[in-house]
Amino acid sequence: MKRNTTAARPSSMGDHDKTQATQIVVSAWYRVHPEDRQTFIDAVKPDMQAAQQMPGCVFYAFSQDLLNPDAFHLSEGWTDIEAYERHENAETFLTALATVVKHVRILHREGVRYEVAKQHIEDPRGKVTD
């Protein structure tokens with residue numbers, strides 16, 4: 001498998017290249033009150049779109065859980081801590097955060113930020129035999 005060595009930017013459609021060097025990874029999970037689901041989506045979507053275009057963003061994806069429509073998963077990858085902190089201080093992030101804190105009942109949240117020491121690129125498709 002050929003590694004893409006260009007510094008491709010994620011598109012507004014959420015495409016990304018996870019083979020890029022990533023020093024900071026964030027993984028979070030939210031469960032929101034069913035009545036606040038659309039408010040949550042409307043609050044985080046503009047920030048997600050803006051984050052994907054920020055310098056240093058390798059990937060940024062918020063997705064609704066396939067089994068629980070009130071659960072959402074966040075996955076972020078940043079080239080370095082400076083890129084991550086630029087996002088954390090960006091107006092779009094702060095606006096989304098304020099809206100969620102004031103108008104969304106978060107029933108459960110877990111989030112972890114990882115500092116990546118080594119990155120392995122794997123493709124498990126080779127494990128499938130004919």
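These numbers come from the heavy atoms of this one structure, side chains and all, not from hydrogens, waters or symmetry mates. In this text, all values refer to a predicted model and were calculated from it rather than measured experimentally.
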Peer 1: Are the side chains of T95 and D47 in contact, using a 4.5 Å heavy-atom criterion?
Peer 2: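 Result no, sub-4.5 Å side-chain heavy-atom pair not found.
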Peer 1: Would you please test Q23 and Q119 for side-chain contact (heavy atoms from CB on, under 4.5 Å) and show each step?
Peer 2: CA-CA 9 Å; Q23 290 183 3; Q119 184 171 331; over 6 Å; no
Peer 1: Angle between ring planes, Y84 versus W78, binned at 30° and 60°: parallel, tilted or perpendicular?
Peer 2: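 Answer is perpendicular, since the angle exceeds 60°.
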Peer 1: Just checking, is any N or O donor in the side chain of H73 or D65 under 3.5 Å from an acceptor N or O on the other one?
Peer 2: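 There is such a pair between these side chains.
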Peer 1: Determine whether F59 and Q20 make a side-chain contact, defined as any pair of heavy atoms from C-beta on separated by less than 4.5 Å.
Peer 2: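 Not in contact.
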Peer 1: Does the distance from a Lys or Arg side-chain N to an Asp or Glu carboxylate O, for E76 and R113, drop under 4.0 Å?
Peer 2: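 Salt bridge between E76 and R113, a charged N being under 4.0 Å from a carboxylate O: no.
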Peer 1: How long is the gap from CD on E88 to CG on L97, to the nearest 0.5 Å?
Peer 2: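 Those atoms lie 8.5 Å apart.
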Peer 1: For the residue pair A96 and A43, what are the closest heavy atoms and their distance?
Peer 2: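 For A96 versus A43, the nearest heavy atoms are CB-O, 3.3 Å.
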Peer 1: Please report the interatomic distance CZ(R37) to CZ(F72), rounded to the nearest 0.5 Å.
Peer 2: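 Here the interatomic distance stands at 6.5 Å.
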Peer 1: Working to the nearest 0.5 Å, report the span between CD1 of I41 and CG of D36.
Peer 2: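 Result: 11.0 Å between the selected atoms.
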Peer 1: Distance from D80 atom CG to E115 atom CD, nearest 0.5 Å?
Peer 2: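 D80 CG to E115 CD: 11.0 Å, rounded to 0.5 Å.
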Peer 1: Let's go through V44 and V100 carefully: what are the C-alpha distance in whole Å and the side-chain angles of both, what is the deciding distance for side-chain contact (heavy atoms from CB on, under 4.5 Å) to 0.1 Å, and is it a yes or a no?
Peer 2: CA-CA 8 Å; V44 301; V100 169; 4.3 Å; yes
Peer 1: Looking at the rings of Y60 and H87, which for Trp means the six-membered one, are their centres under 6.0 Å apart?
Peer 2: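 Y60 vs H87: aromatic centres under 6.0 Å.
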Peer 1: Heavy atoms, side chains only, cut-off 4.5 Å: are V104 and Y30 in contact?
Peer 2: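 No; the side chains remain at least 4.5 Å from each other.
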Peer 1: Between P69 and Q64, which heavy-atom pair has the shortest distance, and what is it?
Peer 2: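 Taking every non-hydrogen atom into account, O-NE2, 2.6 Å.
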Peer 1: Is there side-chain contact between F40 and I106, with heavy atoms separated by less than 4.5 Å?
Peer 2: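 With C-beta onward as the side chain, the pair touches.
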Peer 1: Would you call D70 and R31 a salt bridge, taking side-chain N to carboxylate O under 4.0 Å as the test?
Peer 2: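 Looking at D70 and R31, the cut-off is not met.
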Peer 1: According to a 4.5 Å side-chain heavy-atom criterion applied to Ile, Leu, Val, Met, Phe, Trp and Tyr, with indirect links allowed, do V32 and V101 form part of one hydrophobic cluster?
Peer 2: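 No; V101 is not reachable from V32 via cluster members.
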Peer 1: Which pair of heavy atoms, one from P55 and one from A83, lies closest together, and at what distance?
Peer 2: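 For P55 versus A83, the nearest heavy atoms are O-CB, 3.8 Å.
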Peer 1: Are W29 and F62 connected in the hydrophobic side-chain network, where two residues link if heavy atoms are under 4.5 Å apart?
Peer 2: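 Not linked; separate clusters.
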Peer 1: What I'd like to find out is whether the side chain of V58 reaches to under 4.5 Å of the side chain of T79, using heavy atoms alone.
Peer 2: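 In short, these two side chains touch, coming nearer than 4.5 Å.
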Peer 1: Checking side-chain polar atoms at under 3.5 Å, does E85 have a donor or acceptor matched by the opposite partner on N89?
Peer 2: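 Checked: E85/N89 side chains show no N/O donor-acceptor pair below 3.5 Å.
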